Engineer: 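This structure is in structure tokens; I'll ask about it shortly.
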Amino acid sequence: GAVVSQHPSRVICKSGTSVKIECRSLDFQATTMFWYRQFPKQSLMLMATSNEGSKATYEQGVEKDKFLINHASLTLSTLTVTSAHPEDSSFYICSATGGGRDTQYFGPGTRLTVL
Amino acid sequence: GEDVEQSLFLSVREGDSSVINCTYTDSSSTYLYWYKQEPGAGLQLLTYIFSNMDMKQDQRLTVLLNKKDKHLSLRIADTQTGDSAIYFCAESLEGNMLTFGGGTRLMVKP
């Protein structure tokens, strides 16, 4: 299989703090990782694409200084939501591909609640 | 442009077949996927079909692809209550990028 994990699964933080979400590929080397955001009852919205060792490519309308993405190794990418506000509350899902795989494998998601 | 559309909601009785439909616009798609999302969970890859295939069957799941009409469907035979979830179709383009439909919420009544 191709297993992708995320940590934490759920986080509640105060407005103004920063939150880091980890995405790991457990049994394959992920040359590319994707970060999505999902609002309730909506589809996934791609935020950014990151290739290992390179800067992330952000989709239009996504603030790169607010959503910091680091993909420092072939098995780990992190998303840091800086100075979080209540409107950043959402479900964040990562996915990974690589190692000859021709599809994305998704993590279980992280629910962020900003109070 | 890229646009993937699905109906929002489908309700069936347990034991019946469910058919979830999807239309897409980009004829250069290489693969088309069906994902299942249960409440509060990530996406689970159910099945996929290569764009030069018409049909793929995997146990209770049958995928039909009409490339001319750019129409994709997922049939679930003998639908169970555990099949209740949101189903997303997606098309893949270059670099394994995915474009998702809006999702179809399947409700299975006992």
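Just so we're clear, the structure is a prediction, and the values are computed from it rather than from any experiment. Here is how names work: the chains are called A, B, and so on, in the same order as the sequence lines, proteins then strands, and each is numbered from 1.
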Engineer: Treating Ile, Leu, Val, Met, Phe, Trp and Tyr as nodes and any side-chain heavy-atom pair under 4.5 angstrom as an edge, say whether M33(A) and F100(B) lie in one connected cluster.
Structural biologist: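 No, separate clusters.
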Engineer: Can you check whether F106(A) reaches L98(B) side chain to side chain, under 4.5 Å on heavy atoms?
Structural biologist: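 Yes - at least one pair of side-chain heavy atoms lies under 4.5 Å apart.
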Engineer: Are the side chain of S43(A) and the backbone N or O of G103(B) linked by a donor-acceptor pair below 3.5 Å?
Structural biologist: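 No, the answer is negative, given that no donor and acceptor are paired below the 3.5 Å cut-off.
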Engineer: Considering only heavy atoms, give the residues of residues 85-93 of chain A separated from chain B by less than 4.5 Å, sorted numerically, with 'none' for an empty result.
Structural biologist: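 Contacts with chain B: F91(A), I93(A).
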Engineer: When you look at NZ of K66(A), are more than 12 heavy atoms from neighbouring residues, nucleotides or ligands closer to it than 6.0 Å?
Structural biologist: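 More than 12 within 6.0 Å, yes.
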Engineer: Hey, which of L46(A), V4(A), L44(A) has the most heavy atom pairs under 4.5 Å with chain B?
Structural biologist: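 When all of L46(A), V4(A), L44(A) are compared, L44(A) has the most.
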Engineer: Is the number of heavy atoms from other residues, nucleotides or ligands under 6.0 Å of R60(B) CZ greater than 12?
Structural biologist: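 More than 12 within 6.0 Å, yes.
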Engineer: In Å, rounded to the nearest 0.5 Å, how long is the span from CD of Q104(A) to OH of Y33(B)?
Structural biologist: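 The OH atom of Y33(B) is 8.0 Å from CD of Q104(A), to the nearest 0.5 Å.
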Engineer: Report, in residue-number order, which members of residues 73-81 of chain B are under 4.5 Å from chain A by heavy-atom distance.
Structural biologist: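 From residues 73-81 of chain B, none sit under 4.5 Å of chain A.
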Engineer: Could you look at T49(A) and say if it's the side chain, the backbone, both or neither that has a heavy atom under 4.5 Å from chain B?
Structural biologist: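 When you check distances to chain B, only side chain atoms of T49(A) fall under 4.5 Å.
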Engineer: Please determine, among G101(B), G42(B), A90(B), the option with the most heavy-atom pairs under 4.5 Å with chain A.
Structural biologist: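 Top count of heavy-atom pairs under 4.5 Å with chain A: G42(B).
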Engineer: In terms of hydrophobic clusters joined by side-chain contacts under 4.5 Å, are Y31(B) and Y35(B) together?
Structural biologist: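 Cluster IDs for Y31(B) and Y35(B) match.
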Engineer: Are V63(B) and L10(B) connected in a single hydrophobic cluster, I mean Ile/Leu/Val/Met/Phe/Trp/Tyr linked by side-chain heavy atoms less than 4.5 Å apart?
Structural biologist: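 Yes, same cluster.
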Engineer: Quick one: list whatever passes salt bridge (Lys or Arg N to Asp or Glu O under 4.0 Å) with E5(B), sequence neighbours left out.
Structural biologist: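 By the salt bridge (Lys or Arg N to Asp or Glu O under 4.0 Å) rule, E5(B) matches no residue at all.
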Engineer: Taking side chain as everything from C-beta outward and backbone as N, CA, C, O, which of these in L43(B) sits under 4.5 Å from a heavy atom of chain A? Side chain, backbone, both or neither.
Structural biologist: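 For L43(B), backbone and side chain are both near chain A.
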Engineer: Are L61(B) and L106(B) connected in the hydrophobic side-chain network, where two residues link if heavy atoms are under 4.5 Å apart?
Structural biologist: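 Yes, same cluster.
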Engineer: Using heavy-atom distances under 4.5 Å, tell me whether Q6(B) contacts chain A through its side chain, its backbone, both, or neither.
Structural biologist: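 For Q6(B), no heavy atom lies under 4.5 Å from chain A.
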Engineer: Give a yes or no on whether F34(A) and F67(A) share a hydrophobic cluster (residues Ile, Leu, Val, Met, Phe, Trp, Tyr; joining criterion: side-chain heavy atoms under 4.5 Å apart).
Structural biologist: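 Unlinked, F34(A) and F67(A) end up in two clusters.
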Engineer: If you count heavy-atom pairs within less than 4.5 Å of chain B, which of R111(A), Q38(A), Q6(A), Q42(A) leads?
Structural biologist: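 The option with the most such pairs is Q38(A).
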Engineer: Please tabulate, for the side chains in residues 47-57 of chain B, all donor-acceptor contacts under 3.5 angstrom to protein atoms that are two or more places apart in sequence or on a different chain.
Structural biologist:
{"from": "S51(B)", "atom 1": "OG", "to": "S29(B)", "atom 2": "O", "distance (Å)": "3.2"}
{"from": "S51(B)", "atom 1": "OG", "to": "T30(B)", "atom 2": "O", "distance (Å)": "3.1"}
{"from": "K56(B)", "atom 1": "NZ", "to": "Y48(B)", "atom 2": "O", "distance (Å)": "3.0"}

